[in-house]
Amino acid sequence: MTTWKMDVEQLVTDLSACGRFQVLLTAITYLVKTAGSWAMMMMAFGSFHPGWTCTDLETMDGNKSQNLSSFLWSRPLQSHYDLSGVSLNASLNGNVSSFSLTPGPGARGDLTLGRANFTQDTCTELSGCRNVTINSDSQTVATEWSLVCDRAWILSFIISIQMSGVAIGSYFCGYFGDRYGRKLSMYSSLALGVISNTVVYFTTSWEMFTVVRFFIGLSVGGNLALSQIYPMEFVMPKWRPVVSGFPSWHVGTLLFGVCVMLLRDWRLVQLATAALSLLALLTAVWVPDSVRWLLVHGRVRKAERVVTQICRFNGMEVPDTQVSLINITEGSNHRQEKSAKFSFFQLFHASLRKRTLLVTLTFFLTSAMFYTLSFGVQSLYGDFYLNFILYSLFPIPLSFLVPVLGNKLGRQRALLIFFILVFLGFVSIVVIFFTTSGSLRGITITCLALFTANWLQQTLSLLNTFAVELFPTVVRNLAFGFAMTGARLGSVIAPYVIPRDFDSMYVSYLIMSAMALVCCVAVWALPETKGTAMEDIIQDKNEKTSKAEKQVNSNAD
């Protein structure tokens, strides 16, 4: 009969550090996370508009021109053009007409283009436009309800409402995950995602759409909060950076980019997201609850069944675990008897207060930076669809850096390196803004922004591992959910940080460079978790944890 040590970390090791069960479970949580990424990033496509055509334009000198067209291109390179200098070219392309514009006296040197197009940045100058028609290249939320010009603010408002839902969902699903189990909370979020992504298809106004986006946000918040933690409670420390470092988010957004390129209709994209969420929901028939959570909460019989399931799936001998599991459970309960009921206030226990505040601050700032770039893809120079594909593709080949640096240098030092690279990326964009011009400026800024988004993605992946390891099992989901709430509050402000005007674009990047520096200080103040066993209970301030409890078994390395 197999001997089991009375330690949850050792139990996980004995169940096979990374066997077939752990691989399949991790793949399922990636699928769950992919469904969440599609729902989250829908507004990156939804807020895009392919351009509009203005008919019956009355110019400043009283003359009229017809079918003046606008495409969303290189928004940072837009400037003001003198409408009285409009000259007709009669260059027709399907239902779209293009006209040459003479740059106004205030145009920058990088804007001396022979042909330019109006965008929402020049809406204030189109007071003579009597009729605006949205080009039919893509059916987005912006084109559905004409959310351009003086109605463009609605798009930022919708994104903020969605991200508010994500923030609330992150916290409450974190709480329910610790109270009622990881599985029930995660799959309840998925079920809400299936329903809300289907219902939104039938909305008939932007107000209705906004309300449903809030519920989609609730589902995404729970989805992401739980799918990050679930697989890490089944693997040992050295595998956690591998699990979190796999670019599942960007693989998901890459697939999403392909989806929107093929469908180009926001309603169809929503149905595709609902179908993907339903597929992920079906995996609930196989996925068990966390052994750690079951033991800490005294669910011995269910824990035994999960242990048996893992052993059989990994081709191991099924041991008689009853006595050992009871001892593990009783040990945890005895040491945690004063904290039988876990709540938000437990996160501010003397031993956790500093960690809670610093981790939440770091997630808040990192998320604000990441989603400013994510939802701001449409503001970059070049084609929106190509930029979105590149945004998703860049982090994939570099994802190996998370487990390599995380295990070799430690979580803390690796995070510091990533944040420094983010800081340098933002500063470089500001330097390029003031030192170059023309298309070179646009292309360079786009490349730097995409690479910086890559470093932010690697940072978030490792930060997830770091946060999970910093908190004990009894409040891990609650703590991670609370940190995710901070992250989503950061994403709520992101739409308002996105560069909208070229002349003041550098301000956004200066703000984000300061955010990166603050993150460096916060991470530096946190303890290293490399090679340590995840705690299962809240330690009293004066309680010393033995080295044997803190170090992972040497055979696990």
Side-chain angles (χ1 to χ4, degrees), residues 26-46 48 163 166 220-221 223-225 227-228 230-232 240-262 269 272-273 276-277 280 363 366-380 382-406 414-415 417-419 421-422 425 446-467 484 487-488 490-491 494:
T26 301
I28 288 174
T29 58
Y30 288 160
L31 176 62
V32 172
K33 189 176 179 181
T34 297
S37 70
W38 281 37
M40 177 82 87
M41 296 306 295
M42 212 298 293
M43 281 307 296
F45 168 65
F48 164 70
M163 302 313 291
V166 176
V220 173
N223 176 320
L224 297 183
S227 63
Q228 304 282 1
Y230 220 130
M232 291 194 209
R240 292 174 203 147
V242 177
V243 171
S244 66
F246 183 82
S248 55
W249 174 271
H250 277 275
V251 170
T253 56
L254 177 62
L255 295 174
F256 177 75
V258 174
C259 177
V260 298
M261 282 190 69
L262 295 175
V269 171
T273 303
L276 183 62
S277 299
F363 268 108
T366 306
S367 182
M369 293 184 285
F370 179 73
Y371 284 105
T372 293
L373 295 180
S374 298
F375 290 124
V377 169
Q378 59 169 304
S379 69
L380 298 176
D383 179 72
F384 165 77
Y385 294 103
L386 177 60
N387 286 341
F388 194 89
I389 292 293
L390 292 176
Y391 153 81
S392 304
L393 190 61
F394 275 19
I396 295 177
L398 296 175
S399 60
F400 73 93
L401 291 174
V402 172
V404 171
L405 296 181
L415 281 171
I417 290 175
F418 287 137
F419 277 123
L421 289 172
V422 169
T446 295
C447 291
L448 285 172
L450 293 176
F451 271 109
T452 304
N454 159 67
W455 298 129
L456 282 168
Q457 173 57 36
Q458 311 304 340
T459 301
L460 283 170
S461 296
L462 188 55
L463 189 58
N464 288 332
T465 301
F466 197 37
M484 286 293 100
R488 302 321 164 198
S491 63

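Residues Val377 and Phe48 are not in side-chain contact: their nearest non-hydrogen atoms beyond the backbone lie 4.5 Å or more apart. Counting heavy atoms from C-beta outward, Met40 and Tyr371 have side chains that approach closer than 4.5 Å. For the pair Phe256/Val269, a side-chain contact is recorded, criterion being any heavy-atom separation below 4.5 Å from C-beta on. Side-chain contact between Val251 and Tyr30 is absent, with no heavy-atom pair separated by less than 4.5 Å. Side-chain contact check for Phe370 versus Ser367: every heavy-atom pair is 4.5 Å or farther apart. Side-chain atoms of Leu31 and Leu276, non-hydrogen and from C-beta on, do get closer than 4.5 Å to each other. Side-chain contact between Leu224 and Lys33 is present, with heavy atoms from C-beta onward closer than 4.5 Å. Taking the side chain as every heavy atom from C-beta outward, Trp249 and Met41 approach each other to under 4.5 Å.
For the atom pair CD1 (Ile396) and CG (Leu254), the distance works out to 5.0 Å, reported to the nearest 0.5 Å. Considering CE of Met369 and CG of Leu460, their distance stands at 8.5 Å, rounded to 0.5 Å.
Below 30°, between 30° and 60°, or above 60°: for Phe394 and Phe451 the angle between ring planes is between 30° and 60°, a tilted geometry. The aromatic rings of Phe45 and Tyr385 sit tilted relative to each other, their planes meeting at an angle between 30° and 60°.
Of the possible donor and acceptor atoms, one in the side chain of Trp38 sits under 3.5 Å from a partner among the backbone N and O of Gly252. Judged purely by atom type and a 3.5 angstrom limit, Thr366 has no side-chain atom pairing as donor or acceptor with the backbone of Phe363.
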